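Structure first, commentary second.
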Amino acid sequence: MNTIPFPVIDLAATGRNIQRLREERGLTVRDLQAYFGFEEPQAIYKWQKGKSLPTVDNLYALAALLQVTVDDILVPLKLHILPREQQAEPRCSPPFFWELAA
C-alpha cells in the first residue's frame, strides 16, 4: 500500500498571504468588508492574523476578487510526518496519512 501525507493548511502563513495579496491589489480591509457584505471587519482581520480561514464560499469569492486561484491563497504546512507506528499519542485532528489499496 502507498502512504499519502494528509495536507494541512498553515493558518498564520495563509493569513499573511491574504494580507499580502490584498495590499498588492491596493485593497483595504474595508474594501473586503464591503465586498463580502460584512457589518464589521473582524472576520477579515481574523483571516489575516491566522485565527481563522474564510468559509469555502468566501475563499472562492476572495480568489475571484484577488484574481488568483484558491491554491494561490492557501499555504500548506510543512510537516515532518511520522508513520502511525511512531506517533507518540493519538491526535484530535485527522490522521496525517491515509492508505491507498494496492
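This structure is a prediction, so every number in the text was calculated from the model and none was measured.
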Only pairs under 3.5 Å count here: list side-chain donor-acceptor contacts from residues 37-49, not counting sequence neighbours, and write none if there are none.
{"residue": "Trp47", "atom": "NE1", "partner": "Ala43", "partner atom": "O", "Å": "3.4"}
{"residue": "Gln48", "atom": "OE1", "partner": "Arg22", "partner atom": "NE", "Å": "2.7"}
{"residue": "Gln48", "atom": "OE1", "partner": "Arg22", "partner atom": "NH2", "Å": "3.3"}

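- Note that CG of Leu74 and CG of Leu59 are 5.0 Å apart. Values are rounded to the nearest 0.5 Å.
- The heavy-atom pair separating Thr69 from Ala63 by the smallest distance is C-CB, 3.9 Å.
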*side chain to side chain contact (heavy atoms under 4.5 Å, CB included) between Leu66 and Leu27, worked out*: CA-CA 9 Å; Leu66 299 174; Leu27 297 169; 4.0 Å; yes
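- Qualifying side-chain hydrogen bond (donor to acceptor under 3.5 Å, both in side chains) partners for Ser52, counting only residues two or more places apart in sequence or in other chains: none.
- By the criterion of side-chain heavy atoms lying less than 4.5 angstrom apart, applied directly or through intervening Ile, Leu, Val, Met, Phe, Trp or Tyr residues, Val70 is not grouped with Leu77; the two fall into different hydrophobic clusters.
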Show me the side-chain donor-acceptor pairs of residues 10-18 shorter than 3.5 Å, one per line, residues at least two apart or across chains.
{"residue": "Asp10", "atom": "OD1", "partner": "Ala12", "partner atom": "N", "Å": "3.2"}
{"residue": "Asp10", "atom": "OD1", "partner": "Ala13", "partner atom": "N", "Å": "3.0"}
{"residue": "Thr14", "atom": "OG1", "partner": "Asp10", "partner atom": "O", "Å": "2.8"}
{"residue": "Thr14", "atom": "OG1", "partner": "Val75", "partner atom": "N", "Å": "2.9"}
{"residue": "Asn17", "atom": "OD1", "partner": "Arg20", "partner atom": "NE", "Å": "3.3"}
{"residue": "Asn17", "atom": "OD1", "partner": "Arg20", "partner atom": "NH2", "Å": "2.5"}
{"residue": "Asn17", "atom": "ND2", "partner": "Asp72", "partner atom": "O", "Å": "2.7"}
{"residue": "Asn17", "atom": "ND2", "partner": "Ile73", "partner atom": "O", "Å": "2.9"}

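- In this structure, Val68 and Arg25 have side chains that are in contact, with non-hydrogen atoms separated by less than 4.5 Å.
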*Please walk me through it: do Leu53 and Asn58 pass side chain to side chain contact (heavy atoms under 4.5 Å, CB included)?*
CA-CA 9 Å; Leu53 287 172; Asn58 285 342; over 6 Å; no
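- Residues passing the side-chain hydrogen bond (donor to acceptor under 3.5 Å, both in side chains) test with Asp57 are Thr55, sequence neighbours excluded.
- Atoms CD and CG, on Gln19 and Leu21 in that order, are 10.5 Å from each other to the nearest 0.5 Å.
- Shown here for Ala61 and Phe36, the closest heavy-atom pair between the two residues is CB-CE2, 3.9 Å.
- The number of heavy-atom neighbours closer than 6.0 Å to CD of Glu24, taken from other residues, nucleotides and ligands shown, is above 12.
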